[in-house]
Amino acid sequence: VSETLARGREVTLVDLVDRLLGGGVVISGDITLAVADIDLVHVSLRALVASVETVAEGRP
Amino acid sequence: VIYVYAIGDRQSRGDVDSISEGAVAAFVKRDVAGAPAPDSDSLLHHDRVVFSLMDGGAVLPMRFGSIVREEADVRDMLAQRRDKLERRLEHVRGCVEFGARATWRSPRQAETDAPAGHAFMLAKLRARSAARWLVDELSSPLAELATDTRVELCPRDDTAFAASYLVARDHAGLFEHRARALTHATPEATLVLSGPWPPYSFSGDLDG
C-alpha cells in the first residue's frame with residue numbers, strides 16, 4: 001500500500017521538522033529518558049530549513 | 001537504551017524489531033547509544049522507518065528522539081496506556097496524513113518593517129483575520145475530504161496557516177488532486193502540499 005503512496009511523496013524539510021518535533025506520541029513522566037533536546041534541535045534545524053528548500057525523497 | 005519509532009498493532013513489520021504488550025507493540029531499535037543526532041539525516045531516517053511500518057497496519061509515530069531505558073519500561077508504557085493507544089490507533093487506521101501550508105507575504109509584514117504598540121497589534125489582528133479567510137478558501141475544501149483536521153493560524157510570518165489532514169488511503173489521490181488545483185487559487189497565498197505522512201499530527205500527548 002505505502003509503495004503506491006510513497007511514489008509521489010513530497011517531503012520538505014520544514015514539514016519534516018514540524019511533524020517530527022511537534023507531533024508524534026509524547027509520554028510524560030520518567031519512562032521516556034529523553035525526547036532529545038527539542039528546543040535546541042528545533043532551533044538548529046530551523047536554521048537549516050532557512051537554507052534548504054526541499055529534501056529529495058527516494059522512498060524504498 | 002531503546003529507541004522507539006512508533007506504536008502500532010501487534011504484528012510483524014518487516015525488519016523492525018518490536019516489543020509487544022497485549023494487542024499493541026512498540027517498534028524499536030535496541031542498544032542505541034542515546035538520542036539520535038539532531039540533524040536532517042536522523043529525521044529522515046525516523047520518518048522512513050515509520051512510513052515503512054504503515055505497510056503492516058495502523059501506527060502512531062513517537063515524537064522524534066524518544067528513548068527508553070529498558071524493555072520493561074516499554075511494556076509498562078504500553079500496558080498503562082493501552083486503552084488510549086487502542087482508541088488512537090482506531091482513529092488513524094486506514095489513513096495517512098497530508099500537510100498543507102499557505103505561504104504569503106503577511107499583511108503584518110507588508111505594513112512596515114517594525115510597527116510599534118497599537119499599530120503592531122492592529123496589524124497582527126488584520127493578519128489573523130486574513131489568514132482565517134484563507135483557511136475558508138483553501139483549507140475547507142480539503143477538510144471535506146478528511147476524517148480529521150488540525151489548523152494553526154500564522155505559525156510564522158511567511159505562513160498564513162499550516163494544516164494537517166487525516167485522509168483515508170482510498171481518498172488520497174482525490175485529496176492530492178484537489179490540493180494541487182488549489183495551489184494558486186488565490187493571489188494572496190500559495191498552497192504548498194506535503195505528504196503523505198504517517199499520522200504525526202494525530203498521535204499527540206498521551207498523558208496530556
Side-chain angles (χ1 to χ4, degrees), chain A, chain B residues 1 4 6-7 34-40 42-44 46-48 50-55 60-69 73-74 76-77 80-81 85 88 96-97 99 101 155-156 159 162 164 169 172 176 192-208:
Chain A
V1 175
S2 67
E3 191 180 331
T4 309
L5 287 171
R7 202 168 294 140
R9 197 173 176 217
E10 292 187 17
V11 176
T12 60
L13 192 54
V14 64
D15 294 306
L16 191 70
V17 169
D18 283 350
R19 281 176 171 71
L20 270 66
L21 301 184
V25 173
V26 178
I27 307 284
S28 60
D30 57 3
I31 291 177
T32 308
L33 282 180
V35 186
D37 187 342
I38 292 303
D39 289 341
L40 193 62
V41 173
H42 222 144
V43 168
S44 61
L45 285 169
R46 276 264 165 249
L48 185 63
V49 165
S51 63
V52 179
E53 276 299 316
T54 302
V55 179
E57 272 294 277
R59 291 285 159 189
Chain B
V1 296
V4 188
I7 293 169
D39 55 32
S40 55
S42 298
L43 290 174
L44 279 169
H46 179 104
D47 178 61
R48 283 199 182 103
V50 177
F51 194 80
S52 72
L53 289 169
M54 292 171 73
D55 265 346
L60 300 170
M62 289 293 287
R63 177 76 52 94
F64 172 79
S66 296
I67 56 173
V68 174
R69 200 181 316 272
D73 291 334
V74 178
D76 285 348
M77 174 178 83
Q80 289 168 13
R81 298 163 178 84
L85 289 169
R88 292 204 185 172
V96 291
E97 176 177 327
R101 284 181 286 114
R156 293 179 281 277
T159 306
S164 300
R169 288 178 183 218
E176 287 188 79
V192 181
L193 177 72
S194 71
W197 300 94
Y200 293 110
S201 305
F202 302 92
S203 299
D205 184 353
L206 280 188
D207 299 322

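Quick note: numbers below take in every heavy atom, side chains included, and nothing from hydrogens, waters or symmetry partners. Residue numbers start from 1 in every chain, and the chains themselves are labelled A, B, ... in the order their sequence lines are given, proteins ahead of strands. Nothing here was measured: the structure is a model prediction, and the numbers come from that model.
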Would Arg88(B) and Val25(A) count as a side chain to side chain contact (heavy atoms under 4.5 Å, CB included) here? Give the steps. CA-CA 10 Å; Arg88(B) 292 204 185 172; Val25(A) 173; 5.8 Å; no

On a heavy-atom basis, the closest approach of Leu43(B) and Leu20(A) is O-CD2, 3.2 Å

What's the verdict on side chain to side chain contact (heavy atoms under 4.5 Å, CB included) for Leu16(A) and His46(B), showing C-alpha distance, side-chain angles and the deciding distance? CA-CA 10 Å; Leu16(A) 191 70; His46(B) 179 104; over 6 Å; no

Could you walk me through whether Ser40(B) and Leu13(A) satisfy the side chain to side chain contact (heavy atoms under 4.5 Å, CB included) test, starting with their C-alpha distance in whole Å, then the side-chain angles of each, then the deciding distance to 0.1 Å, before giving a yes or no? CA-CA 8 Å; Ser40(B) 55; Leu13(A) 192 54; 3.8 Å; yes

Looking only at heavy atoms, the pair that brings Arg19(A) and Gly99(B) closest together is NH2-CA, 3.2 Å

For a side chain to side chain contact (heavy atoms under 4.5 Å, CB included) check, start with the C-alpha distance between Thr12(A) and Arg101(B), then their side-chain angles and the critical distance, and finish with the verdict. CA-CA 11 Å; Thr12(A) 60; Arg101(B) 284 181 286 114; 3.7 Å; yes

Keeping Arg63(B) on the side-chain end and Gly23(A) on the backbone end, is there a donor-acceptor pair under 3.5 Å? yes

Please tell me if the side chains of Arg156(B) and Val14(A) come closer than 4.5 Å, counting only heavy atoms from C-beta onward. yes

Check: Asp18(A) and Tyr200(B) side chains under 4.5 Å, non-hydrogen atoms: no

